[in-house]
Amino acid sequence: MAFEGLADRLQNTINKIRGKGKVNEADVKEMMREVRLALLEADVNFKVVKDFVKKVSERAVGQEVLKSLTPGQQIVKVVQEELTELMGGENSKIASAHRPPTVIMMVGLQGAGKTTTSGKLANLIRKKYNRNPLLVAADIYRPAAIKQLETLGKQLNMPVFSLGDQVSPVEIAKQAIIKAKEDHNDYVLIDTAGRLHVDENLMDELKNIKELTKPDEIFLVVDAMTGQDAVNVAQSFNEQLGLTGVVLTKLDGDTRGGAALSIRAVTNTPIKFVGLGEKMDAIEPFHPERMASRILGMGDVLTLIEKAQASVDEEKAKDLEQKMRTASFTLDDFLEQLGQVRKLGPLDEILKMMPGANKIKGLNNVQVDEKQIAHVEAIIQSMTKAEKIHPEIINGNRKKRIAKGSGRSVTEINRLLKQFEDMKKMMKQMTGMQQKGKKKGGFKLPFKPF
Amino acid sequence: MSFFKKLKEKITKQTDTVTEKFKEGLTKTRDNFSSKVNELVARYRKVDEEFFEELEEILIQADVGFDTVMQLIDELKMEVKRKNIQDSKDIQSVISEKLVEIYREADETSTEINIQENALTVILFVGVNGVGKTTTIGKLAHKYKSEGKTVLLAAGDTFRAGAIEQLEVWGDRVGVEVIKQAAGSDPAAVMFDAVHSAKARNADILLCDTAGRLQNKVNLMKELEKVKKVIEREVPGAPHEVLLVLDATTGQNALIQAKTFKEATNVSGIVLSKLDGTAKGGIVLAIRNELKIPVKLVGLGEKMDDLQEFDAEKYVYGLFSELIDQEEA
């Protein structure tokens with residue numbers, strides 16, 4: 001069940017080709033097969049994949065790749081470029097009606113996350129555009145759907161319009177707009193019930209709501225984990241209602257999210273927002289290039305860098321770097337560094353964001369044990385100041401004391417001390433190398449972004 | 001007599017509505033799959049690389065797990081070589097045979113729900129957000145209630161807005177009691193309460209709802225482990241079933257869901273929900289093949305009685321019945 005990224009897949013092929021010196025058309029074909037498999041594995045619709053691969057092959061065979069010294073990287077580059085382009089530009093604008101209120105209709109299958117997204121969008125509209133939205137509970141079918149929206153409204157301190165579950169959704173929408181005009185709500189978000197795109201009656205209901213409210217936006221809410229059927233769903237909703245945008249939800253999961261590409265390709269409708277969690281502010285504009293990397297399994301480097309920038313203290317990093325170079329790195333600094341890394345988030349999630357991390361043996365299925373890091377912290381914190389600066393003074397008695405203080409075994413303390421010694425040695429070597437190369441060593445990320 | 005003939009005879013003898021429901025629910029799936037294979041065979045006279053590539057696509061399109069498709073194609077290629085098949089018509093039966101084999105291989109695991117005789121049965125429902133856990137519980141409560149059993153529901157989703165109320169509406173509809181606490185309270189505490197209420201009321205079945213969670217959220221998965229532990233501690237041998245609810249529209253990620261939830265809660269069976277759309281739920285094939293977790297229930301619609309016990313043979317028949325008929329002709 002290894003979900004290899006495209007880069008890894010291509011590497012395998014290239015390893016086979018390597019030594020031949022030149023890449024021929026047959027090799028490109030072989031590589032294209034890997035591209036195809038990587039996309040299919042990411043749930044991109046097979047028809048979309050077919051067209052896409054055809055397009056990329058043409059570019060690849062047209063000299064660009066054949067003549068390159070690094071055909072694998074070239075292919076990845078071409079694929080990523082084409083993919084990003086296919087995904088469309090960034091577009092997270094929300095329409096604004098000349099005559100308020102602006103009406104937004106939320107539609108989609110059951111369980112996609114329409115109600116949650118309605119709350120998030122309303123919150124965003126209020127925060128970002130300083131508007132005054134009204135949420136409308138038009139899902140009269142699912143038990144307690146109205147209650148769910150009302151609860152979210154309460155959390156957000158935002159009005160929710162509802163007429164219970166005995167009035168038709170069309171009537172609810174109609175009256176909601178009247179109410180919005182009275183109360184001066186300049187945005188109206190209609191949360192409709194989840195429905196199958198093949199359910200004619202319920203699709204007619206949506207058409208009627210559209211007819212009556214003349215919405216400025218119709219957003220399709222789609223679960224990022226959707227498989228091959230995403231195409232049928234999006235196409236059908238688009239044909240029947242004319243979508244203006246897509247919101248991709250549950251992207252905080254570990255799905256590749258190939259559905260995004262499929263939907264974009266068949267509907268030509270922009271993906272405007274992505275949902276990244278259950279909290280009401282967990283909504284972000286859609287970034288096509290990031291999504292392209294994610295679908296290809298190349299790690300979300302940009303997000304990682306952003307995270308790192310947000311949580312690593314620049315001053316401290318410089319200070320640490322200086323210490324590393326002069327090899328005056330103490331256990332205290334080590335502790336500090338651990339803390340900084342931990343601030344980035346759960347370690348196994350960080351690993352997942354690194355391209356190629358799944359290629360390194362032992363790292364692919366690593367379950368980083370956060371507990372172990374806590375243990376290391378406990379051990380270091382149980383040392384005296386002198387011990388932290390000069391760990392060599394730690395003798396048997398001191399070890400016993402540290403063991404007691406931290407609740408860990410002496411063996412563990414020995415292991416940590418050994419690791420720390422090794423690390424210091426490595427730092428010495430590294431700084432030596434850097435001085436030779438006369439490079440001003442910045443604090444580099446431990447991987448190379450593509 | 002061929003395997004399909006036997007299967008058909010067995011199925012057609014049971015002229016119950018269940019089989020019809022299966023066929024009905026799977027109509028869209030079946031039409032797609034069988035007609036595509038037929039069309040493929042008609043189009044290609046020779047069995048070559050391109051033929052296999054298209055077959056691969058047909059399977060992928062049904063969301064059959066990626067590795068499973070690759071494995072299947074490899075096996076088919078070997079079979080073709082071994083039997084020296086060249087005409088595409090001759091491969092048709094091999095294809096269907098191989099597909100069915102996957103279901104049958106994993107068949108040693110029971111697809112029946114493990115119900116205790118004269119004792120409390122606790123069933124825990126887990127899954128990601130929006131797959132239909134609460135709805136499934138409502139439907140299952142209805143089924144057991146109409147069989148004359150005393151059913152209790154535990155409102156373990158204390159997180160999502162309106163989740164407790166949603167379960168309560170189902171409780172009212174079906175006429176069973178819901179054990180709940182305030183929104184935001186500890187789900188493990190709700191389970192503790194529910195288990196003791198179930199014991200005190202001499203209930204037959206306790207259905208435990210939990211909040212939807214994405215499988216990569218470590219803390220939430222830990223919370224689920226705790227919920228399960230509380231049930232284990234309070235009722236020896238419980239939970240008797242841990243059912244993972246999967247949305248039939250989910251793609252490859254369903255496999256990771258099954259794997260991760262299995263690790264955290266030792267999932268004993270799968271409920272495949274929303275199989276009434278155009279989605280194929282083919283990922284079930286992969287889950288059986290790679291993780292050996294049986295599908296136990298299938299959601300085929302929105303009505304209260306649209307939850308069916310999973311019968312591999314009926315499912316296969318529903319999926320491939322056109323192929324089967326054709327083989328006979």
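Naming: A, B, ... by sequence-line order, numbering from 1 per chain.
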**Student:** With a 4.5 Å cut-off on side-chain heavy atoms, are Glu56(B) and Leu37(A) touching?
**Tutor:**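 Leu37(A) reaches Glu56(B) side chain to side chain.
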
**Student:** Verify the neighbour count for atom NZ of Lys77(B): are there more than 12 heavy atoms of other residues, nucleotides or ligands below 6.0 Å?
**Tutor:**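 Correct, the count exceeds 12.
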
**Student:** May I ask you to name which of Ala161(B), Ala254(B), Gly132(B), Gly162(B) has the most heavy-atom pairs under 4.5 Å with chain A?
**Tutor:**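 Most heavy-atom pairs within the cutoff with chain A belong to Ala161(B).
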
**Student:** What pair of heavy atoms forms the shortest contact from Met225(A) to Asn253(B), and how long is it?
**Tutor:**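 Here Met225(A) and Asn253(B) meet closest at SD-OD1, 3.2 Å.
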
**Student:** With a sphere of 6.0 Å drawn around NZ of Lys180(B), does it hold more than 12 non-hydrogen atoms of other residues, nucleotides or ligands?
**Tutor:**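 At most 12 heavy atoms, drawn from other residues, nucleotides or ligands, come within 6.0 Å of this atom.
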
**Student:** Which bit of Leu109(A) comes within less than 4.5 Å of chain B, counting heavy atoms only: side chain, backbone, both or neither?
**Tutor:**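 For Leu109(A), side-chain heavy atoms alone lie under 4.5 Å from chain B.
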
**Student:** When rounded to the nearest 0.5 angstrom, what is the spacing between CD in Glu53(B) and CZ in Phe46(A)?
**Tutor:**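 Output value for this atom pair is 12.0 Å.
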
**Student:** Identify which of Gln155(A), Lys147(A), Lys50(A) forms the greatest number of heavy-atom pairs closer than 4.5 Å to chain B.
**Tutor:**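 That would be Lys147(A).
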
**Student:** Tell me, side chain or backbone of Glu150(A) under 4.5 Å from chain B's heavy atoms, or both, or neither?
**Tutor:**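 Neither part; nothing is under 4.5 Å.
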
**Student:** Could you go through Arg142(A) and Gln166(B), starting from their C-alpha distance and side-chain angles, then the distance that decides it, and tell me whether this counts as side chain to side chain contact (heavy atoms under 4.5 Å, CB included)?
**Tutor:** CA-CA 8 Å; Arg142(A) 184 172 54 109; Gln166(B) 188 179 350; 3.3 Å; yes

**Student:** Does some side-chain heavy atom of Glu278(A) sit less than 4.5 Å from a side-chain heavy atom of Asn129(B)?
**Tutor:**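 They are in contact (side-chain heavy atoms under 4.5 Å apart), so the answer is yes.
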
**Student:** Answer yes or no: is there a side-chain heavy-atom contact under 4.5 Å between Lys274(B) and Leu196(A)?
**Tutor:**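 No; the side chains remain at least 4.5 Å from each other.
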
**Student:** Step by step, would you call Glu57(B) with Arg36(A) a side chain to side chain contact (heavy atoms under 4.5 Å, CB included)?
**Tutor:** CA-CA 11 Å; Glu57(B) 272 165 7; Arg36(A) 177 175 160 270; 3.5 Å; yes

**Student:** Select, from Gly258(A), Pro143(A), Ala112(A), the one with the greatest count of heavy-atom pairs under 4.5 Å involving chain B.
**Tutor:**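 Of Gly258(A), Pro143(A), Ala112(A), Pro143(A) has the most heavy-atom pairs under 4.5 Å with chain B.
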
**Student:** A side-chain contact here means heavy atoms from C-beta on lying under 4.5 Å apart; do Val128(B) and Lys250(A) qualify?
**Tutor:**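 Not in contact.
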
**Student:** Enter the distance from Leu59(B):CG to Gln228(A):CD here, rounded to the nearest 0.5 Å.
**Tutor:**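 Reported to 0.5 Å precision, the distance equals 11.0 Å.
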
**Student:** For the atom pair CG (Leu40(A)) and CE (Met70(B)), what is the distance rounded to the nearest 0.5 Å?
**Tutor:**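 One finds 7.0 Å between CG of Leu40(A) and CE of Met70(B).
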
**Student:** Can you tell me how far apart CG (Asn216(B)) and CG (Asp252(A)) are? Round to the nearest 0.5 Å.
**Tutor:**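 Those atoms lie 7.0 Å apart.
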
**Student:** Check each atom of Lys47(A) against the heavy atoms of chain B and say whether the ones under 4.5 Å are side chain, backbone, both or neither.
**Tutor:**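 Neither part; nothing is under 4.5 Å.
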
**Student:** Contact between Ile256(B) and Asp254(A) at the side-chain level, heavy atoms closer than 4.5 Å - yes or no?
**Tutor:**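 They are in side-chain contact.
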
**Student:** Chain B: which of Leu152(A), Asp199(A), Val49(A), Thr255(A) shares the most heavy-atom pairs with it under 4.5 Å?
**Tutor:**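 Most heavy-atom pairs within the cutoff with chain B belong to Thr255(A).
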
